[in-house]
Amino acid sequence: MPKETKTKRATKPRGEKKKKDPNAPKRGLSAYMFFAQEQRDNVREENPGISFGQVGKVLGERWKALNDKQRTPYETKAQEDKKRYEDEKASYNADAEEESG
DNA sequence: GTACTGATTGTTTGT
DNA sequence: ACAAACAATCAGTAC
C-alpha cells in the first residue's frame, strides 16, 4: 500500500495563475483518454443520436464501471505516453536552459 | 514535505 | 474554435 496523501479538493484560491511556457511540454494522455478513443465509437453505436455531452457522460459511467483489470490496458497506454512526455520535458528543459544564455 | 491549484489530454454535437 | 461533462495526471506554487 503506497503512501496515500489526502488529495482533498477544496476550492481555495491559493497562489497565482500558472504560467504558460513557450515550449510547454504537453502532458501525456490519461487512461481515460485512450478509453474514450475506443468507446467513443462504441458509445455512439449503442447510443445513436445522443445529445452533446451525453457521450462524455456514458463514457465516464462506463469507465468507472470497468474494473482495475479492464483499465489496465488503458493505464498501460497512459504510461507509455508518459514516457513520451518525459522525453519532451528533457528537450523542454534542455532548451529552457539554453534560453538563459 | 505536504496540500492545493491550474493546465493538459481526448471525444461527442452544433453554430 | 469553442462550449460542458467525464476522469486521470503532472508541474508549479505557497507555507
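In the text below, chain A, chain B and the rest are named by the order of the sequence lines, each starting its count at 1. These numbers come from the heavy atoms of this one structure, side chains and all, not from hydrogens, waters or symmetry mates.
A:Phe34 comes within 4.0 angstrom of no nucleic acid atom, judged by non-hydrogen atoms across all strands.
To the nearest angstrom, P of C:dT9 lies 16 Å from NZ of A:Lys83. Residue A:Ile50 contributes atom CD1, which lies 9 Å from atom C1' of B:dT13 at whole-angstrom precision. In this structure, CH2 of A:Trp63 is placed 12 Å from C1' of B:dG10, rounded to the nearest angstrom. As rounded to whole Å, 13 Å separates atom P of B:dT8 from atom CD of A:Glu88. In this structure, A:Arg84 places its CZ atom 20 Å from C1' of C:dA8, rounding to the nearest Å. The separation between A:Phe52 atom CZ and C:dC2 atom P is 14 Å, rounded to whole Å. Atom-to-atom, CG of A:Leu59 to P of B:dT13 comes out at 11 Å; the value is rounded to the nearest Å. Counting to the nearest Å, the P atom of C:dC6 and the CG atom of A:Asn42 are 20 Å from each other.
With distances taken from any side-chain atom of A:Tyr32 to the nucleotides C:dA8, C:dC6, B:dT8, the minimum falls on C:dC6. Taking only side-chain atoms of A:Val55, from C-beta outward, the nucleotide of B:dT8, B:dT13, B:dT12 with the closest atom is B:dT12. Closest approach to the A:Gln37 side chain among C:dA8, C:dA5, B:dT11 is made by B:dT11 (side chain taken as heavy atoms from C-beta onward). The side chain of A:Lys57 lies closest to C:dC6 when the candidates are C:dA8, C:dC6, B:dT12. Proximity note for A:Leu29 (side chain, C-beta onward) versus B:dG10, C:dA5, B:dT13: the nearest is B:dG10. Distance from the side chain of A:Met33 is smallest for B:dG10 among the nucleotides B:dG10, C:dA11, B:dT8.
The six-membered or imidazole ring of A:Phe34 lies away from that of A:Tyr74, with a centre-to-centre distance of 6.0 Å or more.
With hydrogens and angles left out, the side chain of A:Arg40 and the base of B:dT12 share no donor-acceptor pair within 3.5 Å.
DNA chain C is contacted by both A:Lys64 and A:Tyr85; A:Lys64 maps to the nucleotide lying nearer its 5′ end (nearest heavy atom per residue).
In this structure the side chain of A:Glu46 reaches within 4.5 angstrom of the side chain of A:Arg62, judged on heavy atoms.
Connection of A:Met33 to A:Trp63 is established within a shared hydrophobic cluster, with ILVMFWY side chains joined at heavy-atom distances below 4.5 Å, either directly or through further cluster members.
A donor-acceptor contact shorter than 3.5 Å is absent between the side chain of A:Ser91 and the backbone of A:Asp87. In this structure, the side chain of A:Asp81 does not engage the main chain of A:Lys77 through any donor-acceptor pair within 3.5 Å.
When the side-chain nitrogen and oxygen atoms of A:Arg27 are compared with OP1 and OP2 of B:dG6, none of them lie within a distance under 4.0 Å. Between A:Arg62 and C:dA7, a side-chain N or O to OP1/OP2 separation shorter than 4.0 Å is absent. The side chain of A:Lys82 places an N or O atom within less than 4.0 Å of a non-bridging phosphate oxygen (OP1 or OP2) of C:dC10.
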